[in-house]
Amino acid sequence: MWGGRFAEGPSAIMREINASIGFDKRLWRHDIEASRVHIAMLAAQGIVDQADADAIEEGLDKIADEYETGGVPEDAALEDIHMHVEARLAELIGPAAGRLRTARSRNDQVATDFRLWVRDAIDVAEQGLAALQRALVARAEEQAETVMPGFTHLQSAQPVTLGHHLMAYYEMLRRDRSRFADARARMNECPLGSAALAGTGFPVDREAVALALDFDRPTANSLDAVSDRDFALDYLMAASQCALHLSRLAEELVLWASQPFGFVKLSDSFSTGSSIMPQKRNPDAAELVRGHSGRIIGALTALSVTMKGLPLAYSKDMQDDKEPVFEAHDLLSLSLAAMAGMIETVSFDAARMRAAAETGHATATDLADWLVREAEVPFREAHHITGRAVRLADERGVPLWELPLDALQSIDARIGEGVFAVLSPDASVKSRKSFGGTAPGQVRKRIEAAKKVLGIET
Ligand code: ARG
């Protein structure tokens, strides 16, 4: 393809380090799509004969069929997907194939193909996120009243509802979706026509090409367009943050499935056994989602470091942009699907959760709040009184709300009968009606809003 200038061919090692076909063949569909649009524009502009353009389009259709049904033989000497398609086209239609290269370089070509690929990857991530959100919302609705301990420092802090806890992840994923949507909107400009780096002298119609490929507009600076990989980094940043959220949920499933917690039982379909310990039921899928997040964040680091310090415009380093993105995409898609499967099929042990919510005096704050509200005690003093009540309950080995009134009154005479209405975990969660709070009524409101957004029938 560039042999004219050289007396000798590249060494085998040069070929090997240069070749990207092993991985960039994943771009074939987008490469052919962009070529079809490019050749149609060249013909419409009178830059290439209609007859040649027709032959090229026919050839491209044939190559698409070949890729669809098993691929095109690979040859490291042809470096990448762009040259494989072009060489195959020449085999099929002869020298007219060379006209496809008019007003185009592999630099604007790969920038375009890869954007198209990442744009599709964003759409796939969006669907995976929506599916997981639907699973979370369905389970949250079913568990809107289920009481469990809420933690800070992984110490029982205040009772919450399981529905509220699950909906916390709905919110994280909602932000993830908006990050992917932002990335998509920002990247949706077409580099084709930037050519090698400086633009082209041919009278191309960049606007028409951009619109035919569903871009919003052509990119505005040819140097930037061929060397910009922000779109891939934006994708990886959104993917990393999403993976980080999945990893937190995965960690909770692993913890909750452990015997000391016993809050959940993962379904058989998302558990594995041990080859040596017959009793084992391991949360491998959750652990792998947690593990994969490391590799997805690694992909972001890899591409960030690759891009750092590259002078304008294209440098071959940028060929290394694809593998991290492909890997992150594959891992994220699988993680989203596995997480949705786990959430849909996990069984919750409401009795264990309630029992845990009843230990650790998780309603101590409710006693302090009651003193502030009903007896006008300053919060600091209420905190101190409550601390003494907790100590007394511990001494007697009972939960706070099982201390008799006279025992509470021996600590502070201002405590009255009404306090029992707030001391049980159920009363505690019901009282937390502030917007965004854990009260079942509040959680249900949020669930209704989420169902509307997700298009779930109510
Ligand atoms: N395979 C190359 C890549 O992915 C295509 C661009 C090659 N451009 C060049 N000037 N050698 O980066």
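Both backbone and side-chain heavy atoms feed into the values below; hydrogens, waters and symmetry mates do not. Throughout, residue positions are numbered sequentially from 1 according to the sequence presented. Read the numbers this way: they start at 1 and go in the same order the structure lists the ligands and their atoms.
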- Message: Does the plane of the ring in F263 sit parallel, tilted or perpendicular to the ring in W256? Use 30° and 60° as the thresholds.
- Response: tilted
- Note on the structure: re atom 11 (N) of ligand 1, the protein heavy-atom contact at minimum distance is R106 NH2, 3.7 Å
- Query: For R104 and S35, does a side-chain donor sit closer than 3.5 Å to a side-chain acceptor?
  - Reply: yes
- Protein heavy atom at shortest distance from atom 12 (O) of ligand 1: Y314 OH, 2.3 Å
- N-O pairing of D176 and R179 below 4.0 Å: yes
- Query: To which protein heavy atom is atom 2 (C) of ligand 1 closest, and what is the distance rounded to 0.1 Å?
  - Reply: Q319 OE1, 3.2 Å
- When you check the gap from the basic side-chain N to the acidic O, do E66 and K62 get nearer than 4.0 Å? yes
- Just let me know how K322 lines up against ligand 1, side chain, backbone, both or neither, with a heavy-atom cut-off below 4.0 Å. side chain
- Message: Is the terminal nitrogen or CZ of R119 (NZ for Lys, CZ for Arg) located under 6.0 angstrom from the six-membered ring centre of F215 and within 45° of that ring's axis?
- Response: yes
- Task: Return the residue, atom name and 0.1 Å-rounded distance of the protein heavy atom closest to atom 5 (C) of ligand 1.
- Result: D80 OD2, 3.4 Å
- Does the distance from a Lys or Arg side-chain N to an Asp or Glu carboxylate O, for K445 and E448, drop under 4.0 Å? no
- Item | For S20, atoms of ligand 1 separated by under 4.0 Å from a heavy atom | 1 (N)
- Got the closest protein heavy atom to atom 8 (N) of ligand 1, with its distance? N107 OD1, 2.8 Å
